[in-house]
Amino acid sequence: MPELPEVESIRLTLAKNTLGKKILDAEVFWPPAAVSLPGMEFGELVKDRTIDFINRRGKYLLINLSGDITLIVHFRMTGRLIYYLGKQPVDKHTHVVLHLDEGELHYSDIRKFGRMQLVPTKKASEISFLAKLGPEPLDEAFAFDKLGQQLAGKKCTIKAALLDQRVIAGLGNIYADEALFRAGIYPGRKTDSLKVSEIILLCNSIQDVLNEGIKAKGTSFRDYRDAEGNKGMFQEKLMVYGRAGQECKGCGGILAKEKIAGRTTVYCPNCQK
DNA sequence: AGTGGCTCCTGAGCGC
DNA sequence: TGCGCTCAGGAGCCAC
């Protein structure tokens, strides 16, 4: 599932292949996946626009098109955006194809949770789901004091807080569990029970695990691929996610599984307190 | 404010 | 081989 490092990897590979290219036309096979401006047809709105630059905010990919239109993509669970230099057949999960002046861009999504949405670029930051997002964990301005502010006064579990995109943008189940393991914090701890020393540790762990995830080009636990169709490598480095019942790579104890914040959570009862 | 449940979806895995 | 069941989950929404 694309979290921050996966979306960043898609951004980099997509930029490498499509910047400056022009959209000749679009084919929409499943309309709910392609949200346009009111009263405008998706294909008509993207036609003849150039891909100017590509940004990322949390787990959202922001593709700036010429003429002040931005294509916002959220991949949710199984969304993929892949560039093909040649002609590529569509399959039953392909929802949108953008034909470029060189190559084509396929948006597909097995579970159909993901969305592409066109918005006026000037209004992009006001779009409700973007405006609500918390700080970017890899911004230079982000440090333990910022994380502390975001967590202040919260009484939920730390796992729930890390998954809350209003608190911090870009973490999902994989990197939240991995960051908590590295910080030695039990995911079910109440947020207001964390000491400053633990918040410092957690902040560093979040940044480290995200940076290492990006360096490894993301985690391909199951479905994830970058914009060139390649898998990431970070699944080989996972300490807890997907490893319930296996040995902890730190202490050799058995990793536990528990539903916390409504999500399957894996942790080491020995290493995380 | 926090929590739990439901919804959107499909495929994988399992028991029989 | 195949049926039916459960599980996976990001995030919005609603009830309590």
Side-chain angles (χ1 to χ4, degrees), chain A residues 1-10 28-35 56-62 72-81 90-96 106-117 119 127-134 136-137 149-180 187-194 206 210 213 218-225 231 234-235 238 240-246 255-267:
Chain A
M1 52 230 66
E3 302 179 27
L4 190 153
E6 288 74 37
V7 180
E8 183 63 14
S9 298
I10 292 170
V28 177
F29 301 99
W30 192 65
V35 181
R56 180 192 56 74
R57 178 79 173 93
K59 302 176 195 173
Y60 293 88
L61 190 68
L62 309 172
I72 303 176
V73 186
H74 197 305
F75 299 97
R76 287 295 204 277
M77 306 297 302
T78 53
R80 287 181 182 179
L81 193 56
V90 301
D91 65 30
K92 62 173 175 174
H93 302 305
T94 308
H95 304 318
V96 180
H106 286 227
Y107 174 77
S108 68
D109 185 0
I110 292 171
R111 290 189 202 162
K112 297 182 172 175
F113 286 178
R115 292 290 181 268
M116 295 183 124
Q117 180 171 356
V119 301
I127 300 293
S128 63
F129 52 79
L130 290 182
K132 287 179 192 164
L133 289 177
E136 285 290 324
Q149 281 172 32
Q150 293 296 107
L151 297 176
K154 295 197 77 71
K155 299 192 190 304
C156 59
T157 61
I158 186 61
K159 174 75 184 269
L162 294 183
L163 290 178
D164 186 341
Q165 302 299 301
R166 295 168 300 184
V167 171
I168 179 169
L171 291 178
N173 212 24
I174 297 175
Y175 292 95
D177 275 10
E178 294 297 314
L180 286 165
R189 280 272 296 281
K190 292 292 179 186
T191 299
D192 62 5
S193 77
L194 295 179
I206 290 168
L210 292 176
T219 303
S220 289
F221 196 77
R222 184 165 291 159
D223 300 288
Y224 168 71
R225 298 292 184 278
K231 291 185 178 186
F234 200 64
Q235 62 279 8
L238 297 176
V240 286
Y241 182 86
R243 301 191 65 248
Q246 298 180 38
L255 297 177
K257 181 165 86 167
E258 199 179 327
K259 269 253 195 281
I260 298 175
R263 307 267 173 258
T264 301
T265 301
V266 184
Y267 64 98

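Lettering of chains follows the sequences in order, A, B, ..., and the numbering in each one begins at 1.
A:Tyr224 places its OH atom 18 Å from the C1' atom of C:dG9, with the value rounded to the nearest Å. Here the P atom of nucleotide C:dG12 and the CZ atom of A:Phe129 are 9 Å apart, to the nearest Å. At whole-Å resolution of the value, CD1 in A:Ile127 and C1' in C:dG12 are 16 Å apart. For the pair A:Arg166 CZ and C:dC13 P, the computed distance is 11 Å after rounding to whole Å. In this structure, the CG atom of A:Asp223 is 17 Å from the P atom of B:dC9, given to the nearest Å. What separates CZ of A:Phe221 from C1' of B:dG11 is a distance of 15 Å, to the nearest Å. If you take CZ of A:Phe75 and P of B:dC9, they are 19 Å apart, rounded to a whole angstrom. The CD atom of A:Glu3 sits 11 Å away from the C1' atom of C:dG9 (whole-angstrom rounding).
With B:dC9, C:dG10, B:dT10 as the candidates, the nucleotide lying closest to the side chain of A:Arg263 is C:dG10. Comparing C:dA11, B:dT10, C:dG9 by their closest approach to the side chain of A:Lys112 singles out B:dT10.
The side-chain contact (heavy atoms from CB on, under 4.5 Å) check on A:Gln117 picks up A:Val35, A:Val119, A:Phe129, with sequence neighbours excluded. Evaluation of the ring-ring contact (aromatic ring centres under 6.0 Å, His included) rule for A:Phe113 yields no partner, not counting sequence neighbours. Under the rule for a side-chain hydrogen bond (donor to acceptor under 3.5 Å, both in side chains), A:Lys59 has no partner lying at least two apart in sequence or in another chain. In this structure A:Tyr175 satisfies the ring-ring contact (aromatic ring centres under 6.0 Å, His included) test together with A:Phe234, sequence neighbours excluded. Qualifying side-chain contact (heavy atoms from CB on, under 4.5 Å) partners for A:Lys155, counting only residues two or more places apart in sequence or in other chains: A:Asp192. Applying the side-chain contact (heavy atoms from CB on, under 4.5 Å) rule to A:Glu258 yields the partners A:Tyr186, A:Ile260, A:Tyr267; only residues at least two apart in sequence or on another chain are considered. Partners of A:Glu178 under the side-chain hydrogen bond (donor to acceptor under 3.5 Å, both in side chains) rule, at least two apart in sequence or in another chain, do not exist in this structure. Scored by the ring-ring contact (aromatic ring centres under 6.0 Å, His included) test, A:His93 finds no partners at all (sequence neighbours excluded). Partners of A:Phe29 according to the ring-ring contact (aromatic ring centres under 6.0 Å, His included) rule, which considers only residues two or more places apart in sequence or in another chain, do not exist here.
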Could you list the protein-to-nucleotides 2-6 of chain B atom pairs, N/O on both sides, closer than 3.5 Å?
unit_1	atom_1	unit_2	atom_2	d
B:dG2	OP1	A:Lys155	N	2.7
B:dT3	OP1	A:Lys190	NZ	3.1

Nucleotide N/O of nucleotides 4-8 of chain C paired with protein N/O under 3.5 Å:
unit_1	atom_1	unit_2	atom_2	d
C:dA8	OP1	A:Thr264	OG1	3.3
C:dA8	OP2	A:Lys259	NZ	3.3
C:dA8	N3	A:Arg111	NH1	3.3
C:dA8	N3	A:Arg111	NH2	3.4

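Between C:dG10 and A:Gln165, no contact under 4.0 Å exists linking OP1 or OP2 to a side-chain N or O. In this model, the phosphate group of C:dA11 is approached by a side-chain N or O of A:His74 to a distance below 4.0 Å at OP1 or OP2. Considering only side-chain N and O atoms, A:His93 lies nowhere under 4.0 angstrom from the phosphate OP1 or OP2 of B:dC9.
Taking the C1' atoms of five terminal pairs at each end of the helix from B:dG2-C:dC16 to B:dC16-C:dG2, the two resulting helix axes are inclined by 50°, rounded to 10°.
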(Q) What verdict does the side-chain contact (heavy atoms from CB on, under 4.5 Å) test give for A:Leu162 and A:Ile206, after you've listed the backbone C-alpha separation in whole Å, the side-chain angles of each residue and the deciding distance to 0.1 Å? (A) CA-CA 10 Å; A:Leu162 294 183; A:Ile206 290 168; 3.9 Å; yes

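Judged by centroid separation below 5.5 Å and plane tilt below 30°, A:Phe113 stacks onto the base of C:dG10.
Heavy atoms of A:Lys132 sit nowhere under 4.0 angstrom from any nucleic acid atom.
How far NZ of A:Lys257 is from OG1 of A:Thr264: 5.5 Å, rounded to the nearest 0.5 Å.
Residue A:Ile168 comes nearest to A:Pro137 through the heavy atom pair CD1-CB, 3.7 Å, listed as atom of the first residue, atom of the second, then distance.
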